[in-house]
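Here's the structure, in structure tokens; my notes come after.
Quick note on labels: first sequence line is chain A, next is B, and so on, each numbered from 1.
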Amino acid sequence: MEERYDFKTIEEKWRRRWQEADLYASHEEPGREKKYVLVMFPYPSGPAHIGHVANYNLGDVLARYLRRKGVNVLHPMGWDGFGLPAENAAIRSGVHPARYTWDNIALLKEGLQRLGYSYDWDRELATCAPDYYRWTQWLFLRFYEKGLAYKALARANWCPSCRTVLANEQVINGHCERCETLVVQKALSQWFLRITAYAERLLADMDRLPGWPEGVLTMQRNWIGRSEGCEVVFHVKETGQEMPIFTTRPDTLWGVTFFLLAPEHPLADELTRGTPYEKDLQTFRERLRGVSDIDRIAMEAEKDGIFTGAHAVNPVNGEEVPIWTANFVLMEYGTGAVMAVPAHDQRDFEFARKYGLPIRVVIQPPGGELDQEEMTEAYVEPGSMVNSARFDGTGSEAGKLEAVPDYLEERGWGRRTVNYRLRDWLISRQRYWGVPIPIVNCEKCGTVAVPDSDLPVLLPEGVRFEFEGPSPLERSDEFRYTTCPGCGGPAERETDTMDTFVDSSWYYIRYASPNDDREAFDPEAVRYWLPVDQYIGGIEHAIMHLLYSRFFTKVLMDLGLVEFDEPFTNLLCQGMVVMGGAKMSKSKGNIITPDQFFEAYGADTLRLFILFLGPPEADKEWSESGIDGAHRFLHRVWRLVDRYLSILTLKTQPVLEDSEMLKRLAFLTHSTIKKVSEDIERFAFNTAIAAIMEYTNGLYKAIEDSPDAFNTFEGHDALRSLVLLLAPFAPFITEELWEELGGEFSVHQQPWPEYDAELARAERITMVVQVNGKVRERIEVDSGIPSEEMERVALDSARIRKLLEGKDVSKVIVVPGKLVNIVIR
RNA sequence: GCCCGGGUGGUGGAACCGGUAGACACAAGGGACUUAAAAUCCCUCGGGUUAUCCCGUGCGGGUUCGACUCCCGCCCCGGGCACCA
């Protein structure tokens, strides 16, 4: 064999051979065990970067390992093709978004192919291709038919100078990223998907996701934000209008001293219209224009509000309290109105103190005597109800859960209800580079769905991209003006496109039959491959993408289109590769590409190095120091195989009597197989590689000590195992070495090595002896040593005996096979 | 601000269920080989006036025979917060 490890030639050679052999094609084989291994597809923002490599390494190692275990593996790749950056590029440099995107896809694909990932490229898909988004539109129409897609007014970021809608990302400190004009909130009629209808199921079904990280489930639970409470109907004194509020604390109803509306609440306009307060409201809204919701509801944010001049009537006691608007009340949560109980809610308390509004204590802490004048903060803990008419003396918990809700329901003043923090999913984007919403607006027929047979509604190509003004679709007469599918009269197309999260909410299903042009997916293929057994992706997707995908899956099941209601059985959230403390991304301008490493080190080294950097879940600060180590290791493996092969050609007689060495070899081999297999199963790829390095070091020692011992079954087994174990991590070099060892093509189709538990067990172990928890002695003993024997050996050791002189042994703790701790006084 | 993670040598990390802190590497230093360099191989490598001792896993407490690991309170860093994906 070649003396030097020439990675360039090797990698080229095998990349071609694998392609010719179509090594990673996947097919349904009913009855055979399958695993669907999926890594979140990338947004093609440019060439591959180190963050991609870190991602896709994980899925590839797992897919390769599972195939070798005899499993039928689906491991596809595709492109999340729609998105804002393509459109920004079009505006800035005149490149058409399609061109920009497809060019980037080509670049990214080339990078991934050089890394030797084992994708079934026949299943490649792109969400921006008409043969994909046709089915996104088709699915939208199914949602629409079910009443799960609807139009409503919603606020959007609006730059008055550019006369265009801005994404949150384009709003910097409340100002337009381009022209620095103060961004305002403008109400637009927009499309929503009714995810709130699935809130309860999305919440409850998380109990059936034991394969998900607890942190992600917690984030999703908090995001859905279920709270039980009551809806209570207040009235406007002046007009008699009903103003329902949601509260989780009905037990504090008697402590209401004012009433709050969200500043955007239409009722605030109505109540102040034509009054001296009308101007105050406008000034107040002006003040809040550039302030995000996050800053408005921050606990530490200054409370701000104005009086509307009107009053609310509290149903439980008939009291009339002033109606204010406040910055911390959001239109999007609950009913956009709240009852204010300053004595028992911190924000209400701060508001009351600031504006001199009354505070009334209605919950007394156990044994305490709260005084509304003296209080410095709200009392939010349970206690005993006071100043609450017939409920005086009732425990607040009982009052909250039973007594008061019962009372409200009896009187018809309110009812028990459940409120969610989760809001419906706004999918409208006033942009070009997305899936057109397949709806036509007709003056006669109203909102009309585009018939399935007319799909896809294609994006027009000859459009102009401008810095300001309405979106290219709105400006495109060709796109916009059409005929009504219902009456055949003139009509206008919906010009909004969909949020790209819609595209990525079902792509994992499309992979089952990506080239199907008759349906969104083939039920047979879906039945075999889905759900995804192992989903892998960045922690930054913990909530939105994963929640939207779960929602989609449930709707598809209800539509009878799929037979499962959770898309991802197991989830691995890996950390991010960060640089300079921020995640690596093109928009941050801090990307490192693999290209620069291919020349000097090769793909195997880069794969190995990045996997060796740390555990998948941890964030990794990028630094290339250490890549030499990975490269050196591959050279070492190469030379070891070379050395071994030269021993074989010497045709030495195997030294069968050197049984100690053979036993040592067998132990090394089998304990390493065990360790590497277990580590891969728990995604500890970094320690799996460390184990292979230790193994290599051990084999080097052995081959120095007794080269002849390698011309034996144990020797052959050791070298073959080394290559077989390393193959999922470094696919190119191992394929070459496998060939050198006389193995059959391909190493990636060889069964994963099995270990013999007996051979993998160490014969001698180091037992630790502690005195009062401090290590005082280490003694080598047989691994099967009984506990009583461990204790005896420990107490017998000279050093321990000396330490125990004149002391009382009060206790001896023995951890079998590990340590003995002697407790003395 | 709220929710979710994380913090271990000069560096990346290991320690899997409460039981030997620092595996495996990188960097650094010393040595061998070489005319020389590269490559390779060997040795040292948390700190402490150099060891059978003491200290040490962000900081302060606690539980335990024993804590990087569990509990309480802080500090710092990262992610998400609904139009970046």
Side chain of A:Q770 (C-beta onward), nearest among B:A82, B:G19, B:G79: B:G19
Modelled atom types, side-chain donor and acceptor of A:D503 and A:T500, under 3.5 Å: no
Sugar-phosphate, base or nothing in reach of A:V823, heavy atoms under 4.0 Å: sugar-phosphate
Conformer about C1'-N of B:C72 - syn within 90° of 0, anti elsewhere: anti
Distance in Å, A:L634 CG paired with A:Y5 OH, rounded so as to fall on 0.5 Å steps: 4.5 Å
Sugar-phosphate only, base, or nothing, as touched by A:Q430 at under 4.0 Å among non-hydrogen atoms: base
Closest to side chain of A:R632, choosing from B:C26, B:C84, B:C65: B:C26
Whole-Å distance separating the CZ atom of A:F501 from the P atom of B:C84: 8 Å
Interatomic distance where CD belongs to A:E777 and C1' belongs to B:G19 [whole Å]: 17 Å
Sugar-phosphate, base or nothing in reach of A:S428, heavy atoms under 4.0 Å: base
Separation between the C1' atoms of B:A15 and B:A67, rounded to whole Å: 13 Å
B:G79 to B:U52 separation - C1' atoms, rounded to the nearest Å: 49 Å
Nearest-angstrom distance from the residue atom OH of A:Y601 to P of B:C26: 12 Å
Proximal nucleotide (of B:A85, B:C65, B:C54) relative to the A:K774 side chain: B:C54
From B:U52, B:G79, B:A23, nucleotide with atom closest to A:R799 side chain: B:U52
Neighbour count above 12 (heavy atom, 6.0 Å) for A:D796 CG: yes
Contact under 4.0 Å: A:R429 side-chain N or O vs B:A82 OP1/OP2: no
Syn/anti state for B:G56 [syn: chi within 90° of 0]: anti
Chi-angle category of B:U35 [syn within 90° of 0, anti beyond]: anti
Polar contact flag, side-chain donor to acceptor under 3.5 angstrom, A:E494-A:W191: yes
Polar pairs (N or O, both sides) under 3.5 Å between protein and nucleotides 5-16 of chain B?
residue : atom : partner : partner atom : Å
B:G12   : O2'  : A:L613  : O            : 2.6
B:G13   : O5'  : A:L613  : O            : 3.3
B:G13   : O3'  : A:N686  : ND2          : 3.4
B:A14   : OP1  : A:N686  : ND2          : 2.9
B:A15   : OP1  : A:R682  : NH2          : 3.4
B:C16   : N4   : A:K675  : NZ           : 3.0

A:I195 CD1 to A:L426 CG distance, which is reported to the nearest 0.5 Å: 12.5 Å
From CZ (A:R607) to CZ (A:F729), nearest 0.5 Å: 9.5 Å
Sugar-phosphate, base or nothing in reach of A:V165, heavy atoms under 4.0 Å: base
Between B:C81 (P) and A:E169 (CD): distance, integer Å: 10 Å
A:A298, nearest nucleotide to its side chain (from B:G1, B:C41, B:G79): B:G1
Among B:C84, B:U20, B:A85, the one nearest A:H541 by side-chain distance: B:A85
Sugar-phosphate only, base, or nothing, as touched by A:F633 at under 4.0 Å among non-hydrogen atoms: nothing
Interatomic spacing from CD1 in A:I785 to CE in A:M790 - rounded to 0.5 Å: 6.5 Å
Gap between atoms CE and P, on A:M40 and B:C84 respectively (whole Å): 17 Å
Sugar-phosphate, base or nothing in reach of A:I689, heavy atoms under 4.0 Å: nothing
Closest to the A:M219 side chain, choosing from B:A25, B:C4, B:C81: B:C4
Side chains of A:N419 and A:S227, donor plus acceptor under 3.5 Å: no
Touch class at under 4.0 angstrom, heavy-atom based, for A:V775 against every strand present: sugar-phosphate
Closest listed nucleotide, where the reference is the side chain of A:E540 and the choices are B:U20, B:C24, B:G79: B:G79
Distance between P atoms of B:G19 and B:C68 (Å, rounded): 11 Å
Crowding at CD, A:E2 (>12 non-hydrogen neighbours, <6.0 Å): no
Sugar-phosphate only, base, or nothing, as touched by A:Q190 at under 4.0 Å among non-hydrogen atoms: base
Pair A:W79-A:Y507, side-chain donor/acceptor within less than 3.5 Å: no
A:I779 CD1 to B:G19 P, straight-line distance once rounded to whole Å: 21 Å
Between A:D679 and A:T687, a side-chain donor and acceptor under 3.5 Å: yes
Protein-nucleotide distance (A:I813, atom CD1; B:G18, atom C1'), rounded to Å: 12 Å
For atom CG of A:N222 and atom P of B:G80, their distance in whole Å: 17 Å
Consecutive Watson-Crick or G-U pairs in runs of at least 3, all under 3.5 Å, in which RNA chain B is involved: B:1-7 with B:75-81, B:10-12 with B:24-26, B:28-32 with B:40-44, B:46-48 with B:53-55, B:58-62 with B:70-74
Short side-chain N/O contact to B:G1 OP1/OP2 from A:R296, under 4.0 Å: no
Syn or anti for B:U69 (syn when the glycosidic angle lies within 90° of 0): anti
A:R776 side chain, from C-beta outward: closest of B:C55, B:C53, B:A25: B:C53
Side chains of A:N697 and A:R636, donor plus acceptor under 3.5 Å: yes
Any donor-acceptor N/O pair under 3.5 Å between B:C65 base and A:N821 side chain: yes
side-chain N/O A:K811 vs B:C65 OP1/OP2, d < 4.0 Å: yes
Sugar-phosphate, base or nothing in reach of A:W425, heavy atoms under 4.0 Å: nothing
A:Y548-A:D499 side chain donor-acceptor pair, cut-off 3.5 Å: no
Short side-chain N/O contact from A:R636 to OP1 or OP2 of B:C41, under 4.0 Å: yes
Shortest side-chain distance from A:M299, nucleotide among B:C81, B:G78, B:G1: B:G1
